[in-house]
Amino acid sequence: YQLKFESLKNTKPFEQKMPVKPKELPVPNPPLRNDAIYNPKMPLLVKLFKSKKEEYIAFHNNKYEADYIAWQNTKEHIALQNAETEKVYAATLKEWEERKAAYIEEQTLYNNEIDTFKEKYTQGDSNAIERYYPLSLELIDIPIEYEKEFSVEYIAESKVLIVDALVPTIDTLPDLKKVTYVKSREEFTETFYPESHTNKKYDSVLYQLVLTYLNHIFESDKEHNFIDSVVLNGIVNTTDKSTGQDISPCILSVTVTKQDFESLNLNALDPKAWFKSSKGVSAASFATITPVVPIVSISREDKRFVEGYAVADTLDDSINLAAIDWQDFENLIREIFEKEFNTNGGEVKITQASRDGGVDAVAFDPDP
């Protein structure tokens, strides 16, 4: 399941075929005065009369000259046609070469961007990590056909990865138990699993899916060690039976540290028992599509948040806390709360000076 950056690159050659140069129209051979057509055998009666002989010779001279002029006209017409064909071909070839050059340039820029993406990811860039994991998780081969979709946020300070994963609906699971041929009626009959069986199967599938995604994330991170804990929120796209409207509720949420996850024996544990022991949040049965509040759900679109800075290390016993700058004091409080919370993957954000809704700081604590 490891995402290979090279697989993201565009290695396809330019697929439009190079235009074929058309063949030139051939120019017929010019007529020659000594061609047989202009020198037929002179009749005897013509030979006997000088005037007849001269007329005979003049006639064939004129015929040759007329044919030669006609050939010249044909030659010039063909030359014009060939020149026009060459002009059209040259223009077509130029356009093709420009399209090819543009394709190669765009391909090179894209592939260079993939190299930059890889470099930033290996350096632990937050945006690159957030871009990496949706692509990586989509590679997991799940034996259920459904549209996979992932939204990811990475909190570098506490090394927490928050994943909103689209999970399948219960309708995705096959409920056909067996097909029987009834000879007396010459037809097939279908037997389906009871609803209770399908509901139980659905729960099992989602719990296993949670472990699969978490295992993939921690395995992918072994080389880099960017992630200390993961919050996984399961989202389902469904229809509200009471309104008929499309909804996308969160139906499960769990957080786990790398240390705790690596201690698990995935081949022997019961996925549901593990989920409950990890204080995962969900309804008793996923089939009820009961919305739950995600353990952590941080919106990057909250414009109130501003970048914090360290203050504590600059203070000593000579500093009067009541007299320090108000912004330094807010950042100091942020540091204190973050030191308290980040052992469990928490994070504290401070807000801008104005239009902050009366909020000075927001603490995100993933501990349910």
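- Legend: salt bridge (Lys or Arg N to Asp or Glu O under 4.0 Å) pairs involving residues 73-89, not counting sequence neighbours, sorted by first then second residue: K21-E86.
- When ring centroids are compared, Y154 and Y133 stay outside the 6.0 Å threshold.
- Aromatic ring orientation, H224 versus F226: parallel (interplanar angle below 30°, classes split at 30° and 60°).
- Using a 3.5 Å distance cut-off with no hydrogens or angles, the side chains of T257 and D260 do pair a donor with an acceptor.
- Remark: D125 engages no residue in a salt bridge (Lys or Arg N to Asp or Glu O under 4.0 Å) (not counting sequence neighbours).
- The stretch residues 48-61 participates, sequence neighbours left out, in these side-chain hydrogen bond (donor to acceptor under 3.5 Å, both in side chains) pairs: R33-N61.
- Annotation: the span from Q259 atom CD to F218 atom CZ amounts to 11.0 Å, rounded to 0.5 Å.
- Using a 3.5 Å distance cut-off with no hydrogens or angles, the side chains of K276 and S282 do pair a donor with an acceptor.
- Relative ring orientation between Y121 and Y132 is described as parallel, the plane-to-plane angle staying below 30° on a 0-90° scale split at 30° and 60°.
- For Y89, the OH atom sits in a packed shell: over 12 heavy atoms of surrounding residues, nucleotides or ligands are nearer than 6.0 Å.
- Under a cut-off of 6.0 angstrom, the local environment of NZ in K201 is sparse, with at most 12 non-hydrogen atoms contributed by other residues, nucleotides or ligands.
- Using the six-membered ring where Trp is involved, F286 and Y207 have ring planes that are tilted, between 30° and 60° apart.
- Evaluation of the salt bridge (Lys or Arg N to Asp or Glu O under 4.0 Å) test over residues 245-256, restricted to residues two or more places apart or in two chains, returns none.
- Every ring-ring contact (aromatic ring centres under 6.0 Å, His included) that Y103 has, sequence neighbours left out, goes to F14.
- Side-chain contact, T85 with Q81: no donor N or O sits under 3.5 Å from an acceptor N or O.
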### Task
Could you walk me through whether L109 and E113 pass side-chain contact (heavy atoms from CB on, under 4.5 Å), step by step?
CA-CA 6 Å; L109 289 173; E113 195 275 332; over 6 Å; no

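- Between Y64 and Y38, the two ring planes are perpendicular [angle over 60°; tilted spans 30° to 60°].
- A donor-acceptor pair shorter than 3.5 Å cannot be found between the side chains of D171 and T169.
- Judged as a salt bridge (Lys or Arg N to Asp or Glu O under 4.0 Å), and not counting sequence neighbours, D328 has no contacts.
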